[in-house]
Each structure stands twice: as structure tokens, then as C-alpha cells.
Amino acid sequence: KPRVLSGIQPTADSFHLGNYLGALRQWVALQDSHDAFYMVVDMHAITVEHDPKALRRRTRVSAAQLLALGIDPERSTLFVQSHVPEHAQLNWVMECLTGFGEASRMTQFKDKSAKQAVDRVTVGLFTYPVLQAADILLYRAHSVPVGEDQRQHLELTRDLAQRFNTRFGRTLVVPEAHIVKHTAKVYDLQDPTSKMSKSASSPAGIVDLLDDPKVSAKKIRSAVTDTGREVVYDPENKAGVSNLLVIYSALADRPVADLEREYEGRGYGDLKKDLAEVLTGFVTPVQARVREYLNDPAELDKVLARGAERAREVAARTLRAVYDRVGFLPPM
Ligand code: TYM
């Protein structure tokens, strides 16, 4: 079976619809056809200032959400990044292959650092994409399901893998980004020209999976739409309505064209009301399962420990090969 790997940061108390539709839904689907490795990337989460207690809580809540959304720990390897020390070890080798200029061109770093004083921006935030490359290359992943905002990091990962192989001999698998067309970028409900984002969106612009469905329904009702009436998919001129249509289509598993037909001659109000219902139907059982997993943290931690053990077997093998290729003397 080909291998798939992906990660998500535990930087909020809930994942949002962008995370789910852009990435996590594909994680769940790919479990059938792939040998899957999915992780909560807590090491990436400390690249910005954080609260240790919140990080611990969010790491568990993240794992519980992944399980609740359908990641099956029997079929997939589900783990926490910091439990596998090989990530930090391969990261160092990858940093020594990455050009300073190359790292400087990462747009996510430029965006995230632009608003801050230079000494508040950490070196960890700067080298973040290199750690991400190490995450992927450690598992020799063929495919990496992510949203559009990760495309450049995947390009860097491919470049680093190729560079390593050219310089030291074929060792690493060059991965492909798995980015689905329609939901690769879910937009902010209040500002439908920018992506829904944990760090940049206002609370009203984000639909969190663990929010009270009544709160989410209200956010959907107040989503920004244009002054027209027609429910048509036209991202150029009707960004807000198009975003709602994409979300609706994905959650209800119905083509956008179907929805356009259904809402012909009806207004945005009907669309929003029905979408809120579809969303409620989706999140209600997910939330119940998350509560169950969180009620038994010891069992949750056991699942993560088993995952880490499986992940380490694969990671250690790759790291050993890499260390040997770069000329590190094996310890006696
Ligand atoms: P993170 O934690 O920011 O987001 C997790 C996943 O959600 C996707 N996503 C979106 N997709 C569509 N529309 C949106 N509005 C939206 N917002 C977020 C992201 O693209 C991502 O797939 N660097 C990664 C974490 C990471 C990783 C990895 C991913 C670390 N190591 C190795 C893959 C492989 C990140 O910050 O994702």
C-alpha cells in the first residue's frame, strides 16, 4: 500500500471547517487505500508563544477530534509528534540542506512574521517548514493531504528530498501534495476573500467543529453575502455565497449544481438556514464522540502511545539510513 502522512497543529481548542474540509476529510478517506500516519504536531505549535497547560489540553482535544472524525487507530498510526524524537533529529539534517534564501521565501513565514517585531519572531517559526519536511520524509510518505496553504511547504519538501537523493544517493521518497480542488481553501464567513484561519479570522468568521451548533447557525446566518439574491456558484463575483455552497456541497455530499437548482428562485436566507441544519447534523455526533474520548484520557493516551511506538519503528529506520548516508559514524 502507498503511504500517506499528514499533521495538524494543536493551536486551538477546536478544529474549524477549513481544517476539516481542506484536510481531515481526506485523511479519513485515504485510510482505506493507504498505509496512513497522522499526527498532532505539538512541536510546530511552540514556534509561537504558547501556554504549556493549554498545549497539553489541546493536544488531547486534537487527538480526540481526529478519532471522533473517523481516524481509526487500528488501521492508521495516530500519534503526537514530540513522542517521536526522530523528527527533531532529521530536522537538523534537513536544515543543513536548506538554503537561507530558500527558507526566506516561504510566504507563510513572511505573513506570520510581518506583524511582529524581529526579536519576537522565533528562529523556530523561520525553520518551521524544514521540520515539516522532516515530518514527511521520515515516513517515506507518497501522498500528503493538506489544504492549499501548505502547497509551498510541500514544494520545499520535494526539493529537499530530491537534493538529498542527488547528493547522497537515493534514500528518500519524493512526496506528492494531495490537495482537493473545491475545498482546498475554505473562506472566512465574514471576509470571504481570505481563508478561514485560527490566527487571522475573527470568531464570527470561523466555524469551529466543537462550537455549540446554535452559535454556528448564527454565524452562518450572518455570513457576508453580496446584495444580489441568486444562489449561484461564482467565486469571482459572489465569493460569500460560493463559499457557503462549497461548504454545503461537501458536508451534504451533493454537487454544487444540484444545490444551485434547489435554491433557484429562493433567497440566501433559505440556503443559510438549510446549511446550518446540515452542519448541526454533522457536528452533533462528532461532539458526542469527542466528549467520550475526553472522558477517558488514560485510554486516549494509550492509543497515542501505541501510535508513537509504531511511528518510531518506521522513523528510526529512515533516520538510520539518512545518518549513514551523510557520513555519521555509527555508535558502537
Ligand atoms: P494547520 O494545523 O494550520 O492546518 C491543518 C490542515 O488544515 C488545512 N487548512 C485549510 N484547508 C482549507 N481551507 C482552510 N481555510 C484551511 N485552514 C487550514 C491546512 O492546509 C492543513 O492541511 N504546517 C501544517 C502542519 C504540519 C503538516 C506536517 C502537514 C506539520 N507537519 C506534515 C502535513 C505534513 C499546518 O500548520 O497545518
Side-chain angles (χ1 to χ4, degrees), residues 3-28 30 36-48 55 58-59 61-62 65-66 69 79-82 84 87-88 90-91 94 106-109 111-112 124-125 127-158 160-161 173 175-201 205-209 239 243 246-247 250 311 315:
R3 189 167 286 160
V4 67
L5 171 133
S6 200
I8 186 161
Q9 295 196 66
T11 41
D13 284 314
S14 172
F15 297 152
H16 58 65
L17 266 184
N19 299 136
Y20 177 64
L21 298 177
L24 305 179
R25 218 160 74 105
Q26 285 64 251
W27 293 22
V28 175
L30 289 165
F37 286 75
Y38 297 131
M39 65 183 160
V40 180
V41 292
D42 54 350
M43 290 163 69
H44 280 95
I46 66 165
T47 53
V48 291
L55 180 60
R58 288 167 171 177
T59 300
V61 173
S62 297
Q65 285 176 94
L66 293 175
L69 288 168
F79 64 103
V80 174
Q81 184 184 30
S82 65
V84 181
H87 290 259
L90 184 61
N91 171 63
M94 289 301 144
M106 294 293 117
T107 57
Q108 241 188 17
F109 172 74
D111 292 346
K112 284 192 183 170
L125 188 67
T127 58
Y128 174 118
V130 185
L131 177 59
Q132 180 167 353
D135 294 341
I136 298 166
L137 300 175
L138 256 187
Y139 298 92
R140 302 172 193 271
H142 302 96
S143 179
V144 184
V146 284
E148 181 60 41
D149 60 355
Q150 299 300 314
R151 193 183 286 280
Q152 196 189 25
H153 293 167
L154 260 294
E155 274 310 310
L156 175 70
T157 306
R158 290 170 55 83
L160 290 176
V173 171
E176 303 273 347
H178 177 96
I179 299 175
V180 298
K181 201 159 145 233
H182 276 300
T183 51
K185 190 165 175 183
V186 175
Y187 294 88
D188 185 314
L189 297 188
Q190 286 301 314
D191 174 11
T193 54
S194 27
K195 72 166 179 180
M196 189 180 284
S197 152
K198 288 181 255 212
S199 49
S201 296
I206 300 195
V207 177
D208 276 327
L209 300 185
N243 189 38
V246 164
I247 294 171

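We use all heavy atoms of the structure for the numbers below, so side chains are in, but hydrogens, waters and symmetry mates are not. For ligands, and for the atoms within them, numbers begin at 1 and follow the listed sequence.
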Of the protein's non-hydrogen atoms, which lies at the shortest distance from [atom], and what is that distance?
atom                    : result
atom 31 (N) of ligand 1 : D135 OD2, 2.6 Å
atom 12 (C) of ligand 1 : A184 O, 3.2 Å
atom 6 (C) of ligand 1  : A23 CB, 3.8 Å
atom 11 (N) of ligand 1 : G18 O, 3.1 Å
atom 20 (O) of ligand 1 : D149 OD1, 2.4 Å

In this structure, does ligand 1 have an atom that sits under 4.0 Å from one of the heavy atoms of [X]?
X    : result
Q108 : no
Q81  : no
D188 : no
Y128 : yes

Quick one: do the [X] and [Y] side chains pair a donor with an acceptor below 3.5 Å?
X    : Y    : result
D188 : S201 : yes
T59  : D42  : no
Q81  : H44  : yes
H16  : D208 : no
T107 : Q152 : yes

Winner among G7, S194, S62 once heavy atoms are compared against atom 26 (C) of ligand 1: G7

Between the candidates T47, I136, N19, which shows the shortest non-hydrogen contact distance to atom 4 (O) of ligand 1? N19

Would G147 count as being in polar contact with ligand 1, using the rule that some N or O on each side must be under 3.5 angstrom apart? yes

Regarding K112 and the six-membered ring of Y128, is the cationic atom NZ or CZ under 6.0 Å from the ring centre and inside 45° of its axis? yes

Within ligand 1, which atoms have a heavy atom of V144 less than 4.0 Å away? 33 (C), 34 (C)

F109 ring center near H153 ring center (under 6.0 Å): no

Salt bridge check, K195 against D149: does any charged N sit closer than 4.0 Å to a carboxylate O? yes

